[in-house]
Amino acid sequence: MFSDENRLRIVLLLHKKDLCVCELEVILELSQSNLSKHLSHLKKNDIVESKKSSLWTMYCLSEEFINNHSMLYEYILFESDKSLVFVDDLRRLKTYLEKNICCNIASENKQQVLDLLKENHNDRRKTKIDN
C-alpha cells in the first residue's frame, strides 16, 4: 500500500487536516485522476475515509487504521521530516491554510492557487539560500 510515495504524501497531509480532492490536487500538484486512483486504493484498504460535505467529498485518515496500525502510522510520521518531498508538501499545506484558501477557491482557480503555493515556496527557499 505504501510502496507509492504519493500515497504516503496523502497520508501525511491528512494527518494534519481533512482535505477534499481539489485541495489535495493543488497541494500535491497531482492530476485529479491520479489522485483519485490513490485515494481509491487508500480507501479500499481502510486507511482513509470519505465523507460528503455539501458539494465536496472530504477525506480523512481512518481511526481504524491509526488504532490498528499505530506503530506503522507513527513510523511514517517520524520518518516524514527526513524527506524533502514531504517537508515541501507540509510547507504548501501551511501556506494554503495561512492564505485561507478553501475548496471553492482551489477548484475554481486551480492554476492561481498552484502559482501562489509555488511562489511562496520559492520565496522561502531563496531566503534560506541567501542566509
Side-chain angles (χ1 to χ4, degrees):
M1 208 53 261
F2 294 116
S3 62
D4 189 294
E5 182 180 64
N6 288 323
R7 292 187 196 129
L8 285 169
R9 294 171 72 200
I10 292 166
V11 167
L12 288 169
L13 288 179
L14 295 179
H15 162 72
K16 296 292 186 182
K17 182 174 181 355
D18 296 356
L19 297 164
C20 74
V21 172
C22 57
E23 292 174 312
L24 287 165
E25 271 184 85
V26 295
I27 295 166
L28 296 173
E29 297 185 54
L30 295 174
S31 69
Q32 188 273 331
S33 60
N34 189 359
L35 189 57
S36 292
K37 178 184 75 174
H38 292 303
L39 286 168
S40 175
H41 286 295
L42 291 167
K43 192 172 178 182
K44 184 174 70 174
N45 287 283
D46 297 321
I47 296 168
V48 300
E49 298 173 348
S50 64
K51 50 191 167 197
K52 212 57 171 145
S53 173
S54 180
L55 299 173
W56 315 108
T57 301
M58 301 301 291
Y59 288 87
C60 63
L61 291 178
S62 160
E63 288 296 322
E64 183 179 328
F65 166 69
I66 294 169
N67 294 332
N68 293 343
H69 304 284
S70 60
M71 288 180 65
L72 172 61
Y73 179 64
E74 289 177 26
Y75 178 77
I76 290 169
L77 297 178
F78 179 76
E79 291 295 318
S80 65
D81 66 346
K82 296 176 183 172
S83 166
L84 186 57
V85 172
F86 299 141
V87 171
D88 285 347
D89 289 344
L90 294 176
R91 281 193 191 120
R92 281 192 301 279
L93 174 64
K94 183 179 179 193
T95 300
Y96 181 89
L97 297 173
E98 286 172 351
K99 301 288 184 185
N100 292 317
I101 302 170
C102 63
C103 297
N104 290 341
I105 295 169
S107 65
E108 293 174 11
N109 304 294
K110 183 178 175 183
Q111 190 57 52
Q112 290 171 323
V113 173
L114 279 167
D115 292 344
L116 175 71
L117 296 178
K118 284 181 186 177
E119 178 181 301
N120 188 280
H121 176 70
N122 289 337
D123 289 346
R124 288 184 183 182
R125 280 210 166 156
K126 286 178 190 171
T127 302
K128 282 186 177 181
I129 292 169
D130 292 342
N131 291 334

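- Taking SG of Cys20 as the reference point, atom NZ of Lys51 lies at 12.5 Å (rounded to 0.5 Å).
- In this structure, CZ in Phe86 is found 10.0 Å from CG in Leu13, a value given to the nearest 0.5 Å.
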Walk me through it: do Asn68 and Asp46 pass the test side-chain contact (heavy atoms from CB on, under 4.5 Å)? CA-CA 11 Å; Asn68 293 343; Asp46 297 321; over 6 Å; no

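- Looking only at distances, a side-chain donor or acceptor of Thr95 sits under 3.5 Å from a matching main-chain atom of Arg91.
- Closest of all the heavy-atom pairs between Met58 and Glu23 is CE-OE1, 4.0 Å.
- A search for side chain to side chain contact (heavy atoms under 4.5 Å, CB included) contacts involving Lys52 returns Thr57, not counting sequence neighbours.
- A donor-acceptor pair under 3.5 Å is formed between the side chain of Asp4 and the backbone N or O of Asn6.
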Given the rule in the side-chain contact (heavy atoms from CB on, under 4.5 Å) test, do Arg7 and Val11 qualify, once you have shown the distances and angles that lead to the verdict? CA-CA 6 Å; Arg7 292 187 196 129; Val11 167; 5.7 Å; no

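- Ile10 and Val87 fall into different hydrophobic clusters, defined by Ile, Leu, Val, Met, Phe, Trp and Tyr side-chain heavy atoms under 4.5 Å apart, directly or through other members.
- Leu77 contributes atom CG, which lies 6.0 Å from atom CG of Leu12 (distance to the nearest 0.5 angstrom).
- The six-membered or imidazole ring of Phe65 lies near that of His69, with a centre-to-centre distance under 6.0 Å.
- Here CD1 of Ile47 is found 11.5 Å from CD of Glu49. Values are rounded to the nearest 0.5 Å.
- Interatomic distance, CG of Leu14 versus OH of Tyr59, reported as 10.0 Å (0.5 Å rounding).
- At least one donor-acceptor pair closer than 3.5 Å links the side chain of Arg9 to the backbone N or O of Leu28.
- Annotation: the span from Leu93 atom CG to Lys17 atom NZ amounts to 8.0 Å, rounded to 0.5 Å.
- For residues 74-85, every residue pair satisfying the side-chain hydrogen bond (donor to acceptor under 3.5 Å, both in side chains) rule, not counting sequence neighbours, is listed here: Glu79-Lys82.
- Here the shortest heavy-atom pairing between Leu35 and Val21 reads CD2-O, 3.4 Å.
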